[in-house]
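It should be emphasised that the depicted structure is a prediction, and the values quoted were computed from it without experimental measurement. Order of the sequence lines sets the chain letters (A, B, ...), proteins ahead of strands, with each chain counted from 1.
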Number of protein chains: 2
Amino acid sequence: MPPTTDSASIPIETLSISEVCNRLGITAHTARYYERIGLLHVGRSPSGRRVFDQRAVDRLDFLVRMRSSGMGISELTRYVDLVNQGESTTPERLQIMRDQRQRIIEQIRDLERALTATEYKIAVYGGAPDDTSHSPKGHHS
Amino acid sequence: MPPTTDSASIPIETLSISEVCNRLGITAHTARYYERIGLLHVGRSPSGRRVFDQRAVDRLDFLVRMRSSGMGISELTRYVDLVNQGESTTPERLQIMRDQRQRIIEQIRDLERALTATEYKIAVYGGAPDDTSHSPKGHHS
DNA sequence: CCTTGACTTCGAGTGCACTCAAACCTCTAG
DNA sequence: CTAGAGGTTTGAGTGCACTCGAAGTCAAGG
């Protein structure tokens, strides 16, 4: 954890790299990698350790969500660069997010098709083709 | 296309690799790769070209759906091997499909979270939070 | 016959996103 | 003081799933 060295008695809400990564479901390696390539900036404690404030956590969370929905590192880099360039870049950022939304919707559709195929197989293997709840063979789940 | 050399006049419903791949949204390279690693078997015309019958198309379609929903090549190989081993392997196949279903459901949940985050950004950049069609700023789609 | 374009094989190459190794530092507990 | 857990840096390595290149074959059109 970040140092307990509170000179003041204010409870500062910061997290260590492992705490953040546990919450977000990524490894510390990945978080360091993202920082290395410029996707986020993280402060340091006096001893050089990363200190994640709310802003850094939120940014990392955003990065994880975009990655998990198929945005590539290069597009994410582009987006972050636009953010750093200021307000004038909102139109392009908006476009990136709209493209991303479209991709996510398509991915969900694909997954739903795959889910249908998978449930069909489960029905075939697990019991009668029209039976998905009280199959004669499989009886758990 | 497969040869028009019909000795009989029966309209044989087979497809060339490019026709199949166009329908399924993959490249011919990928289909050949899947065949090479044993995920499907495809017949050949007298001149050595791949001839996809309904069975081969269905198999490839299944492979594509499983891949698109995150099943790895190695697990897909395992599954196909089980199918080739016959009926006695249905319990393990069932388990693989149940695991797959679970993964798909989790992926859909993740994507829905990402979609929420994305739509939030769109609302922030694009104007009013409840406005998705007639944005006041962005005007070149 | 000749060209064109889609197909064949095989091995090798590519891109992406991590993932790890090594050597070092620092804090806390015993 | 010592051990051990967890942190730091850099550059290099890994795994996955394609993706491509090269050289050749084949069928149809002009």
### Task
Quick one: list whatever passes ring-ring contact (aromatic ring centres under 6.0 Å, His included) with Y34(B), sequence neighbours left out.
none
### Query
Rounded to the Å, how far apart are R44(A) CZ and dC25(C) C1'?
14 Å
### Query
If only side-chain N and O atoms of R50(A) are considered, is one of them under 4.0 Å from the OP1 or OP2 phosphate oxygen of dT8(D)?
yes
### Task
Give a yes/no on whether any side-chain N or O of S16(B) is located under 4.0 angstrom from OP1 or OP2 of dC7(C).
yes
#### Entry: Whole-Å distance separating the CD1 atom of I17(A) from the C1' atom of dT26(C)
16 Å
### Task
Could you tell me the separation between the CD atom of E19(B) and the P atom of dA6(C), rounded to a whole number of Å?
12 Å
### Message
For a quick check, with a 4.0 angstrom heavy-atom cut-off, what is the B/S/- contact string for nucleotides 10-25 of chain D, read 5' to 3'?
### Response
BB-----SBBB-----
#### Entry: Nucleotide dC18(C), atom P - distance to CG of L60(A) in whole Å
11 Å
### side chain to side chain donor-acceptor pair (under 3.5 Å) against R44(B), all qualifying residues, sequence neighbours excluded
E35(B)
### Summary
Sorted by chain and number, sequence neighbours left out, side chain to side chain contact (heavy atoms under 4.5 Å, CB included) with T89(B) holds for L82(B), Q85(B), R93(B)
### Query
Can you name the residues that form a side chain to side chain contact (heavy atoms under 4.5 Å, CB included) with R32(B), not counting sequence neighbours?
I17(B), A28(B), H29(B), R50(B)
### Task
Using whole Å, report how far CD1 of I37(B) lies from P of dG11(C).
15 Å
### Query
Y79(A) ring centre to K121(B) NZ or CZ under 6.0 Å, with the angle to the axis within 45°?
no
### Query
Atom CZ of R32(B) to atom C1' of dC7(C): distance rounded to whole Å?
7 Å
### Pairs satisfying salt bridge (Lys or Arg N to Asp or Glu O under 4.0 Å), at least one member in residues 62-73 of chain A, at least two apart
D61(A)-R65(A)
